[in-house]
Amino acid sequence: MTHEAAGVPTTRNDEDRQDNVPQDSDDVQDVQDAQDVRRDEAGQAAAPEDAEQRPEARLARAVQVAEQALIEFEIAVETFRVEVENFSRLHHQKLGPMYARLDELDALIAEARAAKTGDPEDERKAREARAVVMPMPGVDELFHDWMDTDGLSPEAAAMLTEQPVRPPKRVRPSEEARRLYRELARKAHPDLAQDEVERQRRDEFIARVNAAYGRGDVELLKELVAEWEAGPVQPPAPLSESEELYARLEWLSRRKELLTVLAKELEDGAIGSMLRMAPDDPDQLLEDIAEQLLGEVSRREAELAEMAQ
């Protein structure tokens, strides 16, 4: 049975996003730079004596701008994904018992009304209300809140390995955790790799960073900062040929399109929509919903007591 929270004001989102995730801000400049390069290669006006005006140099700058824009976009999408997953878990943990109590009270009220009236329609409604209190769970429901984008959630993995469960303490990790996460993501992002070996190293490292951020583990994030700073530093590779730079721009564009789809799915989901109702303080939103549900419980209990008289 679904219970919707009402009366929660809509506000703007937090500093890391505008309308939840940032919109493409560098695409126009990227396209313009690419068009300029094509005109130069076609023989139109250029200044070969100025190295900075060479087509390859300008195209390389366009690639660098696109890379940084994509990284910032990925950071914003990931921070929102963590908030959505944390909000979903906390919503289930904190409000699940209240929803269950409301379902039970609805069934009791319907049963009391049917017993008093003897109306077949009231009896049918009572049976339906009772059926939703303890329904037979499906596979999705059995595993609800125990799966995330990487498979089993940390809570589920901890239970299966008999380790202490460490659910998120709040929807949004602390400011310190967010600062450390952004620092690590910008430094160690896989898209900055110059070869496949370095990309794999960065992929594995960022996976650990994401897991620590999802739990809001500031101490572990600090350790990861120290680990990255002590690691190998790859020297910058020389500029690629024009064809390779064009291919790089196309790959970055396709990657941004995929992220845009993911961001849209997060925003349009039930939890993402709830987060947009109070983006500045999602933890308080949970408290507000809980207060409303307690009010609903009190009203139903009073109604049931009155029917019993």
Side-chain angles (χ1 to χ4, degrees), residues 1-11 13 20 80-81 83-149 152-153 155-156 159 165 167-172 264-309:
M1 183 172 183
T2 301
H3 301 274
E4 296 183 356
V8 183
T10 301
T11 59
N13 215 322
N20 295 317
F80 187 57
R81 185 192 67 79
E83 289 183 17
V84 168
E85 290 188 355
N86 287 354
F87 191 93
S88 178
R89 290 171 186 162
L90 291 173
H91 182 274
H92 183 69
Q93 292 166 5
K94 290 185 177 182
L95 306 184
M98 297 185 191
Y99 287 131
R101 177 59 177 162
L102 285 172
D103 287 344
E104 175 66 24
L105 287 169
D106 284 340
L108 291 173
I109 291 171
E111 289 166 349
R113 182 178 296 110
K116 181 177 294 186
T117 66
D119 189 319
E121 180 64 16
D122 287 340
E123 292 177 351
R124 182 188 65 79
K125 291 180 179 179
R127 289 193 298 270
E128 290 180 352
R130 176 56 59 187
V132 303
V133 174
M134 291 292 291
M136 179 65 70
V139 174
D140 291 342
E141 294 173 299
L142 285 172
F143 288 96
H144 173 69
D145 217 28
W146 295 106
M147 300 290 290
D148 56 24
T149 54
L152 283 176
S153 68
E155 294 92 333
M159 290 183 66
V165 177
K169 296 180 180 180
R170 50 204 296 262
V171 173
R172 179 172 297 155
K264 180 67 173 174
E265 291 175 352
L266 288 171
E267 287 186 322
D268 291 345
I271 297 299
S273 298
M274 292 181 70
L275 278 173
R276 291 206 304 272
M277 298 170 68
D280 292 325
D281 194 353
D283 293 283
Q284 183 60 46
L285 175 60
L286 286 175
E287 300 299 327
D288 293 342
I289 296 174
E291 184 177 350
Q292 294 177 28
L293 290 177
L294 285 174
E296 290 294 328
V297 168
S298 297
R299 284 189 287 274
R300 282 170 170 76
E301 288 177 339
E303 181 180 353
L304 182 62
E306 184 177 347
M307 294 180 69
Q309 292 178 355

Could you report the tightest heavy-atom contact between [X] and [Y], atom names first, then the distance?
| X | Y | value |
| --- | --- | --- |
| Met274 | Phe87 | CE-CE2, 3.9 Å |
| Pro282 | Pro279 | CD-O, 3.8 Å |
| Leu90 | Asp283 | CD1-OD1, 4.5 Å |
| Ala290 | Met98 | O-SD, 3.6 Å |
| Ala110 | Ala129 | CB-CB, 4.1 Å |

Between Glu303, Glu301, Glu296, which is the residue that forms a side-chain hydrogen bond (donor to acceptor under 3.5 Å, both in side chains) with Arg299?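 For Arg299, the side-chain hydrogen bond (donor to acceptor under 3.5 Å, both in side chains) check succeeds only for Glu296.
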How long is the straight-line distance from [atom2] of [Y] back to [atom1] of [X], given to the nearest 0.5 Å?
| X | Y | atom1 | atom2 | answer |
| --- | --- | --- | --- | --- |
| Leu304 | Arg113 | CG | CZ | 10.0 Å |
| Ile109 | Glu306 | CD1 | CD | 10.5 Å |
| Glu111 | Arg127 | CD | CZ | 11.0 Å |
| Asn86 | Ile271 | CG | CD1 | 11.0 Å |
| Arg124 | Asp119 | CZ | CG | 10.0 Å |

Please name the residue in the list Arg130, Arg300, Arg101, Lys125 that meets the salt bridge (charged side-chain N to carboxylate O under 4.0 Å, His left out) test with Asp106.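 Option passing the salt bridge (charged side-chain N to carboxylate O under 4.0 Å, His left out) with Asp106: Arg300.
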Any donor-acceptor pair under 3.5 Å linking the side chain of Arg81 with the backbone of Leu266?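 Not a single qualifying donor-acceptor pair exists.
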Short question: side chain of Ser298, backbone of Leu294 - any donor-acceptor pair under 3.5 Å?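 Indeed, once roles are kept as given, a pair shorter than 3.5 Å links the two residues.
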Glu291 atom CD, over 12 foreign heavy atoms within 6.0 Å: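 No, because the 6.0 Å sphere around CD of Glu291 holds 12 heavy atoms or fewer from other groups.
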Student check: side-chain heavy atoms of Asp281 and Leu285 closer than 4.5 Å: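 No. Closest side-chain heavy atoms not under 4.5 Å.
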Going by distance alone, is a donor N or O of one side chain under 3.5 Å from an acceptor N or O of the other, for Gln284 and Asp288?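 Present: a donor and an acceptor within the cut-off.
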